[in-house]
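Each residue takes its place number in the sequence, starting with 1.
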Amino acid sequence: MKLIETIKKYAQTQPDTLAFVNEEEKLTYGELWSQSERLAARIQSEALTDASPIIVYGHMKPVMAVSFLACVKAGHPYIPVDVSIPADRILKIINSSKAELLLNNSGTSVDTGDAFISVVEPGVLEGDGVPETDPARWVDGEDTFYIIYTSGSTGNPKGVQISAGNLQSFTDWITNDFPVESGQVFLNQAPFSFDLSVMDLYPCLQSGGTLWTVTKDMINRPKLLFEALKQSNVNVWTSTPSFAQMCLMDPSYSEELLPELSLFMFCGETLPASVARQLKERFPKARVFNTYGPTEATVAVTSIEVTDDVLNKYSSLPVGSEKPETEIVIINEDGKAVQDGEKGEIIITGASVSKGYLGEKALTEKAFFSYNGVPAYRTGDAGYKENGQLFFLGRLDFQIKLHGYRIELEEIEYQINQSRYVQSAVVIPFYREEKIEYLIAMIVPAEHDFEKEYQLTSAIKKDLGSKLPAYMIPRKFMYQKEIPMTANGKIDRKRLKEEVTV
């Protein structure tokens, strides 16, 4: 595979160049290659089922990149799982994926329940010499490179399979069509279990750059974050718009703090024009790109540079035009392509489209199909095209983007309804300036002994904390006697939205 061969080339020609940096550790290209070779040999000694997935558990440490590369060198796709993921969800991923091996990079124990799975700690591997893996075993072409688990409407996460070919098409696009130069420093804000991280990790490694990671501690302590950023020499900023918006709240977030920053790439959620405008004011030498794409189509498939002309022309920014080897079609309810300017469902076709959900035949057949002989994916997103530009209008169903994370409201509702304190519940997104700011849980409570509503809320949140990641837990809880229904017996979500108060 070109990507792996390129990393090997850098390990041979510039072995001392830093490939990965976090607040505590550094990793050179030479170390990345040799350590991943050793770990790949260790994986091969496990006698796993051919091409079976491997779970890689941990946070933003260099050993995560070592583990990813080792897995694919050994001929296995990897499943990134961040330490922030609740234990119950990890068990569901283990059982769904039928993984036989877990690489634990967390420094702590991980509960694997009664699953038949081996656990290896790469950080303590030792050995003399560096064995060489056989390139014939590396994942390539249609082989699955990684699997990212996303929110599922039944309360169970679903694994999106991304092939080596999907990933190569994406990294080639980023390194060829964006102003990315060799040897640059890339910001890594997203945890590896979130596919936005792919936008910085692999284009960085393919261009011989250095990945500079933002840890959970930095996000929780902005002072620490800004002190670290000042020393980072970041050239390429990849993040959700929400993260940049948070940084903009500090007046010091400007060209003076990051004088080498030349490129912003945003994905994961809507980029408000107001945020783009502030960034261009604070970083006049940097270029800002807006992109769009679901996990099922390998991170992103469209892009547009947000220039002054674009900002003056549009109040709501377009998400751009398609990458090479990709076509976007807007279809109506009858499955027919619509005219320019007409709204409909966004269909993505081409080299970026996933092979489907791991072990979920029915779900795969529902979302993935062949369009004019080319792999295609029904996004469930509403949008329209105009003069070659795609405009994103939100979800057709109950799936939303919140702070860059793709969430199915039905999954949150399902988990809330499992609480003994809840009779029924509906989750409503609260919008501000064209994007979702937080989630509100509208609840009809079951019988309970709490005197105050905040005590009830605390108990429900405690139940949810063991089942859902923190970003999926609603910020606000509201209680009422009944959930309003429409005439045809469905929940009246429109009326609930109108009843919501800030």
Quick test of your reading of the model: are [X] and [Y] salt-bridged, counting only N-O distances below 4.0 Å?
X	Y	value
E322	K385	yes
E408	K158	yes
K9	E5	no
E281	R277	no
E411	R89	yes

Is the side chain of [X] donor-acceptor paired with the backbone N or O of [Y] at a distance under 3.5 Å, no angle test?
X	Y	answer
T28	E31	yes
K230	L257	no
T144	I162	no
T210	F20	no
E100	T49	yes
R282	Y253	yes
S34	G30	yes
N235	L261	no
T270	P272	no
N22	E25	yes

Residues [X] and [Y]: side-chain donor-acceptor under 3.5 angstrom:
X	Y	answer
T238	Q189	no
E296	S354	no
D217	T215	no
Y384	D340	no
Q206	D172	yes
S106	N104	yes
K2	T171	no
T213	N188	no
N156	S96	no
Q44	K73	no
T13	Y29	no

Do any side-chain atoms of residues 344-353 form donor-acceptor pairs under 3.5 angstrom with protein atoms, and if so which ones, sequence neighbours left out?
from: E345; atom 1: OE2; to: G380; atom 2: N; distance (Å): 2.9
from: T349; atom 1: OG1; to: E327; atom 2: O; distance (Å): 3.1
from: S352; atom 1: OG; to: K323; atom 2: NZ; distance (Å): 3.1

Which pair of non-hydrogen atoms, one from [X] and one from [Y], has the smallest distance, and what is that distance?
X	Y	value
E365	K361	OE2-NZ, 2.6 Å
C247	L225	SG-CD2, 4.3 Å
H403	T240	O-CG2, 3.6 Å
Q184	S262	NE2-OG, 3.8 Å
L211	L201	CD2-CD1, 3.8 Å
T295	D195	CA-OD2, 3.2 Å

Given side chains that start at C-beta, do those of [X] and [Y] come closer than 4.5 Å, heavy atoms only?
X	Y	value
L102	V120	no
V66	N105	no
S67	L39	yes
P80	V56	no
S303	D177	no
I304	L317	no

Taking the six-membered ring where the residue is Trp, are the ring centres of [X] and [Y] under 6.0 Å apart?
X	Y	answer
F178	F289	yes
Y405	F194	yes
F391	Y314	yes
F145	Y202	yes

Query raised in the report: Got a sec: does the CG of D50 have more than 12 other heavy atoms crowding it under 6.0 Å?
Result: no
Requested in this report: Let me see the working for Y57 and F192 under ring pair (Phe, Tyr, Trp, His ring centres under 6.0 Å), right down to the final yes or no.
Outcome: CA-CA 10 Å; Y57 180 71; F192 294 119; over 10 Å; no
**Report entry** Pair E305-N290, side chain to side chain contact (heavy atoms under 4.5 Å, CB included): steps then yes or no
**Finding:** CA-CA 6 Å; E305 181 175 2; N290 190 22; over 6 Å; no
Query raised in the report: Taking the inter-plane angle between the rings of F266 and F264 on a 0 to 90° scale, is it parallel (under 30°), tilted (30 to 60°) or perpendicular (over 60°)?
Result: parallel
Query raised in the report: Please walk me through it: do L69 and I4 pass side chain to side chain contact (heavy atoms under 4.5 Å, CB included)?
Result: CA-CA 8 Å; L69 190 55; I4 304 176; 4.3 Å; yes
Query raised in the report: Is the NZ or CZ atom of R378 positioned over F369's six-membered ring, under 6.0 angstrom from the centre and within 45° of the axis?
Result: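 Output yes; distance and angle both within limits.
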Query raised in the report: For S252 and D250, what are the C-alpha separation, side-chain angles and deciding distance, and is it a side-chain hydrogen bond (donor to acceptor under 3.5 Å, both in side chains)?
Result: CA-CA 5 Å; S252 71; D250 191 312; 2.7 Å; yes
Query - Residues that K61 engages under side-chain hydrogen bond (donor to acceptor under 3.5 Å, both in side chains), provided they are two or more places apart - result: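 In terms of side-chain hydrogen bond (donor to acceptor under 3.5 Å, both in side chains), with neighbours along the sequence ignored, K61 is linked to no residue.
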Query raised in the report: What residues, two or more places apart in sequence or in another chain, satisfy side chain to side chain contact (heavy atoms under 4.5 Å, CB included) together with S232?
Result: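 Here the qualifying residues are W212, L229, V234, L258.
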**Report entry** Gap between atom NE2 of H59 and atom CE of M64 - 0.5 Å precision
**Finding:** 9.5 Å
Requested in this report: Please assess D200 against L187 for the test side chain to side chain contact (heavy atoms under 4.5 Å, CB included), listing each intermediate value before the final yes or no.
Outcome: CA-CA 7 Å; D200 44 72; L187 180 87; over 6 Å; no
**Report entry** side chain to side chain contact (heavy atoms under 4.5 Å, CB included) evaluation trace for D308 with K280
**Finding:** CA-CA 9 Å; D308 290 337; K280 291 180 69 63; 3.2 Å; yes
